[in-house]
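Beneath this line is the structure, given in structure tokens, with notes to follow.
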2 protein chains.
Amino acid sequence: MNDRPLANKAQAIASEVRRRIVDREWRQGDRIPDEAELAVTFGVARATVNKALQMLADEGLLDRKRRAGTHVTVNPARRATLTIPIVREQIEQAGMTYSHRVIAQRRSPIPADIAARMELPEGAELIHLRTVHYGDGNPFQAEDRWINPVAAPGVDLIDFHRINPNEWLVRNFPWLRGDMVFSAENADARDARLLGTRQGTALLILQRTTWNDLGAITSVRLAFHPGYCLIASP
Amino acid sequence: MNDRPLANKAQAIASEVRRRIVDREWRQGDRIPDEAELAVTFGVARATVNKALQMLADEGLLDRKRRAGTHVTVNPARRATLTIPIVREQIEQAGMTYSHRVIAQRRSPIPADIAARMELPEGAELIHLRTVHYGDGNPFQAEDRWINPVAAPGVDLIDFHRINPNEWLVRNFPWLRGDMVFSAENADARDARLLGTRQGTALLILQRTTWNDLGAITSVRLAFHPGYCLIASP
DNA sequence: GATGTTTCTATGTCTAGGCTTAATGAAACT
DNA sequence: AGTTTCATTAAGCCTAGACATAGAAACATC
């Protein structure tokens with residue numbers, strides 16, 4: 001389809017190999033020539049072939065094992081990367097004006113489910129925040145967040161009316177590890193009220209927890225406006 | 001936390017750099033020392049440092065530009081990779097017995113929305129399939145799929161009662177490009193009937209379209225059993 | 001036949017060095 | 001002041017060669 005030559009050799013080789021797989025010159029399960037051989041046929045160093053094949057292995061198109069060689073994956077488990085944009089940027093990119101409102105902010109003991117998610121003892125006192133994000137004044141996302149002041153020192157001093165909690169955290173506390181769970185839920189009374197919709201409407205829910213070396217930083221449940229969808233690319 | 005030395009140097013360097021970022025020795029927006037300098041301080045070749053920093057750039061933790069140097073990303077756009085498992089494997093991994101039922105299979109002209117999604121002319125004749133996947137006899141996923149016999153030759157000859165359409169396609173037609181969209185929908189009458197739930201229940205919906213060099217292969221809408229959730233990792 | 005041992009090989013990883021290229025700041029020129 | 005030119009520099013990418021190591025296959029032993 002689009003065969004413009006790629007700038008660098010590794011990518012050129014990767015896409016040639018990809019083509020051979022898609023065109024079924026190399027079938028699922030087949031063993032493909034080894035790095036040294038490909039290096040000769042493509043006229044490059046072995047390291048370059050290695051880089052290209054690694055890329056394809058990361059994509060899940062190839063299976064590589066020492067001594068056993070490189071095979072075309074039989075059942076490619078399809079992997080996709082999705083980018084969770086910062087709400088404000090997302091709204092502004094859509095040409096709308098961003099605003100947010102903090103509905104509630106208090107220190108309180110965490111319920112059991114959040115404790116489990118954050119790997120903290122039940123009843124630990126965290127900051128609990130409810131925020132709604134708007135685009136041109138219309139509700140777009142409802143956020144229910146717990147922040148751990150141990151892992152995010154200084155959180156008590158922040159005025160979240162000025163900067164939204166997500167942005168403050170993201171800018172100040174990079175994380176090492178994170179969970180992310182997508183699901184669908186029927187809007188309960190509160191979701192419906194905050195998002196300006198009817199109770200029972202299907203909402204896309206994203207539940208996320210992040211950790212750094214001091215423990216769980218934050219756990220948040222994001223409820224998106226009905227109709228919102230999340231796009232992933234391979 | 002867990003400081004066991006990593007087997008290879010590139011990864012060891014990557015995690016040391018990651019640590020410095022998380023511990024805020026290198027703050028968001030800071031420029032970090034250049035590859036040559038790090039190569040000296042870590043006592044490795046520049047290529048090794050390059051590999052490590054590339055990994056972190058792929059993770060979205062670093063921004064790298066020629067001449068400008070390497071900076072700690074200011075607003076790390078959160079990237080997550082999710083693996084869409086093959087339904088059967090997923091069900092079997094949960095210790096249940098997999099089965100599927102083809103509800104309908106016919107050749108018919110595609111409606112406008114599918115045509116747009118697949119970049120095909122409206123009214124083109126494709127194979128239309130409805131399938132339900134079961135775990136221990138309970139409905140787990142409802143699938144509504146269109147297959148393009150031009151991009152997937154041989155599809156007319158397949159008996160999808162024996163092998164499910166997804167597995168057949170995945171095993172026979174690797175793709176070059178794909179779309180993936182997640183959303184939430186209230187179950188309509190058909191969804192409710194197929195998944196054995198009540199109309200209006202929130203369902204997680206995954207809409208996926210794939211292409212090879214002959215055009216769109218297939219476009220599918222998967223409706224998951226209520227309560228199903230999708231887990232992504234960074 | 002089942003189980004350990006050895007050999008061999010394709011990939012994994014690294015090094016030292018070279019060339020390429022894009023961004024940038026400064027100098028030269030409107 | 002604004003614009004163009006240009007050298008500089010840090011990352012991008014490649015190479016040739018080396019050693020390490022998993023693991024398949026052949027072999028030997030029980």
Side-chain angles (χ1 to χ4, degrees), chain A residues 4-18 20-21 25-74 76 79, chain B residues 4-18 20-21 25-77 79:
Chain A
R4 89 191 116 88
L6 288 164
N8 58 353
K9 302 191 187 180
Q11 281 187 37
I13 290 169
S15 70
E16 169 59 15
V17 171
R18 206 181 283 115
R20 291 192 189 180
I21 293 170
E25 288 172 30
W26 292 339
R27 303 296 199 94
Q28 324 271 101
D30 283 4
R31 173 165 177 185
I32 75 171
D34 66 46
E35 294 186 349
E37 205 174 324
L38 290 175
V40 174
T41 64
F42 289 125
V44 299
R46 186 170 78 91
T48 307
V49 173
N50 180 280
K51 199 173 171 186
L53 298 188
Q54 290 247 21
M55 288 170 49
L56 297 176
D58 286 344
E59 279 177 30
L61 221 60
L62 295 178
D63 270 336
R64 323 193 69 209
K65 260 190 259 171
R66 279 173 151 133
R67 160 77 215 207
T70 301
H71 292 256
V72 180
T73 308
V74 180
R79 228 169 279 140
Chain B
R4 91 193 113 89
L6 289 164
N8 58 355
K9 303 192 186 180
Q11 281 187 40
I13 291 169
S15 70
E16 169 60 15
V17 171
R18 205 182 284 116
R20 293 193 187 180
I21 293 170
E25 288 172 30
W26 292 339
R27 303 295 200 96
Q28 325 270 103
D30 283 5
R31 175 166 175 182
I32 75 171
D34 66 44
E35 294 186 350
E37 205 174 325
L38 290 174
V40 174
T41 62
F42 289 125
V44 299
R46 187 168 79 90
T48 308
V49 174
N50 180 281
K51 199 174 171 187
L53 298 188
Q54 290 246 21
M55 287 169 50
L56 297 176
D58 286 345
E59 278 177 30
L61 222 59
L62 295 178
D63 268 336
R64 324 191 69 209
K65 260 190 261 172
R66 278 176 156 139
R67 158 79 215 200
T70 300
H71 293 257
V72 180
T73 309
V74 181
N75 272 120
R79 226 169 283 144

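Letters go in sequence order (proteins before strands), and every chain restarts at 1.
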Please determine whether a side-chain nitrogen or oxygen atom of B:T70 lies at a distance below 4.0 Å from atom OP1 or OP2 of D:dA11. yes
Measuring from the side chain of B:R64 (C-beta onward, heavy atoms only), which nucleotide among C:dT15, C:dT11, D:dG12 has the closest atom? D:dG12
Under 4.0 angstrom, heavy atoms only, what part of the nucleic acid is B:A10 near: base, sugar-phosphate, or nothing? sugar-phosphate
Using a 4.0 Å heavy-atom cut-off, does B:A68 contact any base of the nucleic acid, only the sugar-phosphate backbone, or nothing at all? sugar-phosphate
Sole candidate of B:L53, B:I13, B:V44, B:N50 that passes side-chain contact (heavy atoms from CB on, under 4.5 Å) when paired with B:L38: B:L53
I want to verify a distance call: between C:dT15, C:dA23, D:dG23, whose nearest atom is closest to the B:K65 side chain? C:dA23
OP1 or OP2 of C:dT15 sitting under 4.0 Å from any side-chain N/O of B:K9? yes
Any idea which of C:dT24, D:dA11, C:dT11 is nearest the A:R66 side chain? C:dT11
Can you figure out which of C:dG12, C:dT15, D:dT15 approaches the side chain of A:A45 most closely? D:dT15
Starting the side chain at C-beta, find the nucleotide from D:dT8, C:dA16, C:dG12 nearest to A:Q54. C:dG12
Sub-4.5 Å side-chain heavy-atom contact between B:I21 and B:T73: no
Qualifying residue for side-chain contact (heavy atoms from CB on, under 4.5 Å) with B:R64, from B:I32, B:L56, B:T70: B:T70
Think A:T48 has a side-chain N or O under 4.0 angstrom from the OP1 or OP2 of D:dT15? yes
Would you indicate, yes or no, if D:dC13 has its OP1 or OP2 atom less than 4.0 angstrom from a side-chain nitrogen or oxygen of B:N50? no
Atom-pair distance (CG on B:D63; C1' on C:dA23), nearest Å: 14 Å
